[in-house]
Each structure stands twice: as structure tokens, then as C-alpha cells.
Amino acid sequence: MTRGLFISFEGIDGAGKSTHIASVADLFRQAGREVVVTREPGGTALSEKLRELVLHEPMDPLTEALLMFAARREHLVQVIEPALSRGDVVLCDRFTDATFAYQGGGRGFDWQMLNLLERMVQTRRDGALRQPDLTIWFDLDPQIAAERLASARVPDKFESQPADFFSAVRAGYARRQAEMPGRFARIDAAQSIQVVSAAVSSIVNDWHQRSVS
Ligand code: TYD
């Protein structure tokens, strides 16, 4: 049976990741794979309720981190693990790297504590830690991201943060990549959408080959 493949998409708000998820889904479907497209926080009825709270209610940083992981636990148990067991491709708009980047980098929440929560929530039955096989990080200067977002829509709690918050989020992603370089692919998201899209396709094709060989 084909092995499941778990890909997460990351980056600061305005980096443009969401645009590319649909085309990655098409790419896999054309290759005959079953694809589950999902997001965090969210992905189950309960996790979507938690998303509403965490994106719009002011709260203590620990509460925020716990709710992100609570939503993730449900999502893993109900959606992600069953899909991977079936051999599906799971495309997730944000995963735990976002918690390290936003709550750790952006909010300054303790990194070791996040490591602990990650272990609690993502340890599988066989004792291994569930991580994405591949994380595509759309890396962008916060100034450019802010310009892109300015004309977009009503900002949520995170999108309305100042530029230095996003510099800290970006540094959080860089730290995660340095800690786990094997699964990260960084794309310079300041490039044109065509160039970024070609980079995404090439990375994804590469990983798809590996997952079926
Ligand atoms: P986002 O993924 O940008 O969705 P949309 O495109 O619909 O706005 O929004 C999710 C927000 O949640 C984003 O600002 C980052 C934040 N977030 C965290 O702070 N921690 C997390 O662990 C996750 C998954 C998201």
C-alpha cells in the first residue's frame, strides 16, 4: 500500500501559502492519490470552535498555547492519523511549527514548554513523534507581508499585530527549521507567484516520488 504523506504549509500572515495549497492538491489528485486538505487551528467541528475562540478572544499566552494544542489533538486523532493510515496525502494549512513561531517566537512563550506540549499531543501509539514529512515554509519580509495584507480583509487577532511581532514569528520559523532541517523546504515568497508556484511543484514532486518508491 502507498504510504501516507503529511505536508504542512507555513509562513507569516500575508506570505501567500493558501494560494498554493489547492494546486498541490490538484497535483496529487492527478497522480491518483486521495488528498485531504485541512487547516489549523481547525479541521474538526470542535477544533473549528476552538479556532473561533483563539483567533478572536484576548487570552493569557498559556491558555492560547493550550487551545492550539487541544485543537491539534482532536485534529490528529479524528482526521490526520486516520487519513495517513489509509495512505492518503494530508495537506495542512499550518501545523505545530505555527505554534512555535507565533506563540513561541511572536508571544515569547517558553520554547521548552512548547516542546513538552508537542510531545504530549503528537506522540503516536508506537512511541514516535508525529511530524509533517515535509513542511513548506513561505518565507517573507514582514514589511512586504503587511503591504499585501493591507488591502485584504478585516484582520483577526494575529493579523492585526505590529510588524515586529511578525519579525519575531519569522525568527521562530527560522529556529524550527534550524532544529529540524530535514523536513523543511524554505521558499522565498517575495518572488513572483509563478516562480513560487514552480518551486512548490518541484519540491512536492520530489517528495511524492520518495513516498511511493
Ligand atoms: P491563517 O492560517 O492565516 O488562516 P486565514 O488565511 O484564514 O487567515 O490564520 C490562522 C492564524 O492563527 C494565523 O494568524 C496564525 C495563527 N496560529 C497561531 O498563532 N498558532 C498556531 O498554532 C496556529 C496553527 C495558527
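Bear in mind that the values here come from a model prediction, so they are computed numbers and not experimental data. In each ligand, atom 1 is the first atom listed, and ligand 1 is the first ligand listed.
We find that E81 and R124 are not joined by a salt bridge, their nearest charged nitrogen and carboxylate oxygen being 4.0 Å or further apart. Note on E48 versus R39: salt bridge recorded, some NZ/NE/NH1/NH2 to OD/OE distance being below 4.0 Å.
For atom 23 (C) of ligand 1, the choice among G14, S18, A98, G42 with the nearest heavy atom turns out to be A98.
Which parts of ligand 1 touch K17 is read off a 4.0 Å heavy-atom cut-off, strictly below it: atoms 2 (O), 3 (O). Interface of Q103 with ligand 1, defined as ligand atoms under 4.0 Å from a residue heavy atom, comprises 18 (C), 19 (O), 20 (N), 21 (C), 22 (O). For ligand 1, the atoms sitting less than 4.0 Å from at least one non-hydrogen atom of R72 are 22 (O), 24 (C), numbered in the order shown with element in parentheses.
Nearest protein heavy-atom neighbour of atom 3 (O) of ligand 1: D13 OD1, 3.1 Å. The nearest protein atom to atom 25 (C) of ligand 1, hydrogens excluded, is given as P41 CD, 3.5 Å; this is a heavy-atom distance. The closest protein non-hydrogen atom to atom 8 (O) of ligand 1 is E159 OE2, 3.1 Å. In terms of protein heavy-atom proximity, atom 11 (C) of ligand 1 is closest to L55 CD2, 3.7 Å. The single protein non-hydrogen atom nearest to atom 17 (N) of ligand 1 is M68 CE, 3.7 Å, given as residue, atom name and distance. Ranking protein heavy atoms by distance to atom 1 (P) of ligand 1, first place goes to R94 NE, 3.5 Å. Protein heavy atom in closest approach to atom 22 (O) of ligand 1: T99 OG1, 2.5 Å. In this structure, the protein non-hydrogen atom closest to atom 9 (O) of ligand 1 is R51 NH2, 3.7 Å.
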message = Set out, in order, the CA-CA distance, both residues' side-chain angles and the distance that settles ring-ring contact (aromatic ring centres under 6.0 Å, His included) for H20 and F9, then state yes or no.
response = CA-CA 9 Å; H20 300 283; F9 297 80; 8.7 Å; no

task = Test ring-ring contact (aromatic ring centres under 6.0 Å, His included) on Y173 and F184 and set out the steps.
result = CA-CA 10 Å; Y173 278 124; F184 264 88; 7.5 Å; no

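Residue contacts with ligand 1: E40 is placed with no nitrogen or oxygen under 3.5 Å of a nitrogen or oxygen of the ligand (distance criterion only). Of the N or O atoms in R39, none lie within a sub-3.5 Å distance of an N or O in ligand 1.
Applying the side-chain contact (heavy atoms from CB on, under 4.5 Å) criterion to K157, with sequence neighbours excluded, gives M59, E64, R107.
The aromatic rings of W111 and F100 sit perpendicular, their planes meeting at an angle over 60°, well past the 30° parallel limit.
Side-chain contact of T38 with D93: a donor-acceptor pair under 3.5 Å is absent, judged by distance alone. In this structure, a donor-acceptor pair under 3.5 Å is absent between the side chains of Y102 and D97.
Judged by the shortest distance from any of its heavy atoms, K157 lies outside the 4.0 Å radius around the atoms of ligand 1. Ligand 1 lies out of reach of E64, whose nearest heavy atom is not under 4.0 Å from it.
Each of L5, V36, I80 was compared with D88 under the side-chain contact (heavy atoms from CB on, under 4.5 Å) criterion, and only V36 meets it.
Side-chain contact between T99 and R72 is present, with at least one heavy-atom pair separated by less than 4.5 Å.
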